[in-house]
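Below, chain A is the first sequence line, B the second, and so on; all start at residue 1.
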There are 2 protein chains.
Amino acid sequence: MWAELLPVGRSSASGGYRRYAWTAADADCRAWFREQAEARGLAYEVDRNGNQWAWLGDPTAGDAVVTGSHLDSVPDGGAFDGPLGVVSSFAALDELRHRGARFTKPLALVNFGDEEGARFGLACVGSRLTAGQLTREQAHRLTDGDGVTLAQAMESAGHDPDAIGPDPERLARIGAFVELHVEQGRALDLTGNAVGVASAIWPHGRWRFDFRGEANHAGTTRLADRRDPMLSYAETVLAARREAELAGAVATFGKISVEPNGVNAIPSLVRGWLDSRAPEQHTLDTVVGGIEKAAREYADAHGIDLDVVRESFTPVVEFDHALRDELARILGTDTGLTVPVLGTGAGHDAGILSGSIPTAMLFVRNPTGVSHSPAESAAEDDCVAGVRALADVLEGLACR
Amino acid sequence: MWAELLPVGRSSASGGYRRYAWTAADADCRAWFREQAEARGLAYEVDRNGNQWAWLGDPTAGDAVVTGSHLDSVPDGGAFDGPLGVVSSFAALDELRHRGARFTKPLALVNFGDEEGARFGLACVGSRLTAGQLTREQAHRLTDGDGVTLAQAMESAGHDPDAIGPDPERLARIGAFVELHVEQGRALDLTGNAVGVASAIWPHGRWRFDFRGEANHAGTTRLADRRDPMLSYAETVLAARREAELAGAVATFGKISVEPNGVNAIPSLVRGWLDSRAPEQHTLDTVVGGIEKAAREYADAHGIDLDVVRESFTPVVEFDHALRDELARILGTDTGLTVPVLGTGAGHDAGILSGSIPTAMLFVRNPTGVSHSPAESAAEDDCVAGVRALADVLEGLACR
């Protein structure tokens with residue numbers, strides 16, 4: 001199962017994955033999901049927002065237990081972020097059938113669309129739409145780097161973009177959603193456990209900084225006559241690191257777009273994207289406020305116009321305490337150990353859905369903490385432990 | 001004539017020009033050149049390196065007087081850099097015919113290919129090949145941002161890439177080359193003159209700085225665990241400005257390429273290009289050496305691997321003193337004024353050819369000094385003064 005999925009959308013140059021929403025690589029991943037569902041005799045469906053579902057039992061019966069994750073990737077992402085949760089869902093079902101488990105509730109496996117936001121800039125589009133946290137009109141305005149709108153991309157992939165929108169009936173049928181995910185830091189590794197339960201997702205957001213100066217000849221324009229936005233950008237990158245260090249948060253400028261981007265031209269525009277996250281809301285406000293204040297001072301000093309736009313924001317997510325405790329109890333009973341409960345800086349579909357339905361997350365150990373990179377890894381034993389834990393949780397929730 | 005050329009390859013979004021070598025916009029510019037040549041009864045030819053020539057008189061007679069410039073542009077370039085010299089060449093010929101001038105030497109008008117290097121990263125490819133400063137093998141290895149080689153691009157545009165190479169026979173027929181160009185700084189404007197003569201071109205070069213770190217998740221990787229190359233890049237951008245200021249030189253980071261360039265991914269690679277120029281070689285060495293030293297210190301501090309590659313370099317160019325003095329004499333006789341003789345930080349085909357044949361340059365006033373930008377400008381009166389000056393010079397050189 002895992003072997004079939006591994007080569008899809010993989011760059012031979014970097015070894016990383018480029019599975020962006022509504023591309024050919026994405027379609028291959030989705031075809032794989034459908035095949036896995038049908039091979040197990042599950043009822044396959046695509047919801048109005050392009051998320052894929054595979055049902056065991058009556059989808060309309062209510063109080064369903066749902067598990068899954070996503071198959072899309074960041075640019076040059078790793079093999080585990082997303083796919084581990086989807087593959088583990090199918091594997092956990094296989095394990096439960098092997099155990100002869102008798103389901104008292106409907107079970108569904110899900111692949112949420114466009115979780116990473118690599119193509120259209122907004123993460124968790126599939127779950128956001130479903131939960132009503134993104135309107136059809138907002139989604140239709142999303143555009144990729146080539147000027148293709150999300151609506152156009154959906155349409156070329158054979159999905160009706162006018163059908164998208166909130167799906168409260170679907171959410172009302174779900175009693176619990178559990179997402180298994182490779183951990184994206186080293187917190188779990190430091191505890192010595194292979195599997196952990198999520199407590200909360202840090203508040204996080206993306207801000208676009210547009211530094212506008214004046215394009216000019218790099219060879220003939222005196223330094224004193226320049227309005228070079230690259231200088232203010234560079235100063236702001238360093239300010240972001242300082243502010244994050246002071247506050248115990250993280251802040252990253254990882255994406256940039258420069259115009260005209262010529263070797264012998266002073267740029268007219270440097271557009272940098274800030275990603276920042278912190279354990280608490282007020283800390284994040286302090287960090288981003290400090291970065292923006294510094295950026296404005298630098299811009300003013302160089303005659304640069306600065307616009308700062310918050311492109312997305314997700315407040316702190318506390319996962320459902322009852323479900324979280326239930327998971328820890330199930331896993332603790334199984335292993336006789338105390339299962340670690342951890343916060344995370346990464347956003348997930350589970351975080352989006354936690355506003356609508358009880359959700360929980362399981363993390364699988366990441367020995368290096370590396371993620372969003374071809375070097376992302378997880379030990380095979382730990383992946384097997386993850387599948388066993390997920391099977392235990394599904395059995396505990398759906399076979400009561 | 002000017003009106004026909006203005007809309008070609010112009011972006012409606014920026015108002016700037018995107019006339020890159022061997023593209024459709026370039027082909028339109030080249031068709032325009034051919035039409036202008038044929039409309040004047042000139043003998044049109046394309047040389048082995050893709051440069052366009054329009055001859056009045058016998059090309060093989062020797063001691064020809066040649067004028068012209070280039071029609072390609074930087075990304076979002078202005079209307080004047082290059083085209084002013086080509087348009088003025090045709091206009092000067094019209095003026096001389098109007099005056100009833102009698103040519104005693106062959107005259108040629110020329111459009112050099114790929115002067116800006118916007119697509120393949122190396123400037124003055126057409127003149128470099130002709131002068132033997134770039135070999136066929138080196139040229140064949142040049143590749144654009146989409147992975148298309150110069151050879152492939154030439155071939156698709158209908159030019160035989162195997163024919164390129166040194167063209168000493170052609171150069172041997174030329175007695176003098178004069179390039180008219182809009183000035184790209186404010187030196188001429190500060191003298192109060194509409195037209196000036198070039199003395200020298202500053203030594204200049206391009207260096208590529210590859211900062212390699214480790215791609216990772218921007219939300220979950222602790223600051224202490226990061227190897228973020230964007231930080232070393234930012235520090236180096238600021239170091240470049242400081243070093244240039246100290247030395248009275250210029251240094252610019254105007255082009256950048258980031259991998260994977262995702263909002264929520266710490267970059268694995270930040271590749272920045274440095275353009276630096278100075279009045280003298282030892283000053284340039286000091287500036288670039290200082291920037292590289294600082295960059296290595298920053299990279300070491302962040303666990304970043306740094307490679308610095310010199311992608312191109314042009315030593316100081318002193319234009320032919322006899323020809324330069326001749327131009328100043330001709331223009332001074334005409335106006336009764338002392339014509340300013342100025343250095344420049346910009347590279348030109350005239351600079352490349354000055355190693356093989358006597359060359360000179362005329363500059364037309366640029367009131368703002370802005371160049372390589374849609375805001376590049378020159379007053380109509382000054383352009384007319386430039387045409388008159390070029391006509392005077394051609395008359396003085398070719399009608400003796």
**OP:** For side-chain contact (heavy atoms from CB on, under 4.5 Å), just list the numbers for A:His372 and B:Thr220, CA-CA rounded to whole Å, side-chain angles, deciding distance to a tenth of an Å, and then say yes or no.
**Re:** CA-CA 10 Å; A:His372 284 195; B:Thr220 55; over 6 Å; no
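No other option in A:Ala251, A:Pro267, A:Gly347 has as many heavy-atom pairs under 4.5 Å with chain B as A:Pro267. Between chain B and the residues A:Asp81, A:Ile266, A:Thr344, A:Thr252, the largest count of heavy-atom pairs under 4.5 Å involves A:Thr252. Considering only heavy-atom pairs separated by less than 4.5 Å from chain B, the leading option among A:Leu238, A:Val237, A:Thr368, A:Asp225 is A:Leu238. Heavy-atom pairs under 4.5 Å with chain A were tallied for B:Ala224, B:Gly248, B:Ala346; the largest tally goes to B:Ala346. Highest contact tally toward chain B, considering only A:Ala215, A:Ala187, A:Gly121, is held by A:Ala215 [criterion: heavy-atom pairs under 4.5 Å]. Per-residue heavy-atom pair counts under 4.5 Å with chain B were compared for A:Arg18, A:Glu235, A:Glu214, and the maximum is reached by A:Glu235. Residue with the most contacts toward chain A among B:Asp76, B:Asp228, B:Asn216, B:Thr236: B:Asn216 (heavy-atom pairs, distance under 4.5 Å). Per-residue counts of heavy-atom pairs under 4.5 Å with chain B were compared for A:Arg241, A:His217, A:Arg222, A:Gln184; the largest is that of A:His217.
Taking each heavy atom of A:Ala218 and B:Val250 in turn, the nearest pair found is O-CG2, 3.6 Å. The shortest non-hydrogen separation linking A:Leu223 to B:Ala249 is CD1-O, 3.7 Å.
Within residues 257-265 of chain B, the residues having any heavy atom under 4.5 Å from a heavy atom of chain A are, by residue number, B:Val258, B:Pro260, B:Asn261, B:Gly262, B:Val263, B:Asn264, B:Ala265. Proximity to chain A at a heavy-atom threshold of 4.5 Å picks out B:Trp273, B:Asp275, B:Arg277 from residues 270-278 of chain B, in numerical order.
For a residue to count as touching a neighbouring chain, one of its non-hydrogen atoms must lie under 4.5 Å from one of that chain's; by this rule B:Arg208 does not touch chain A. Looking at A:Arg226, only its side chain comes within 4.5 Å of chain B, counting heavy atoms on both sides. Heavy atoms closer than 4.5 Å to chain A are found in both the backbone and the side chain of B:Ala244. With a 4.5 Å cut-off on non-hydrogen atoms, B:Glu116 touches chain A through its backbone and its side chain both.
Of the inter-residue distances, the one linking A:Tyr233 atom OH with B:Tyr233 atom OH reads 7.5 Å to the nearest 0.5 angstrom.
Checking B:Thr221 against A:Arg186 by side-chain atom types alone, no donor-acceptor pair falls below 3.5 Å.
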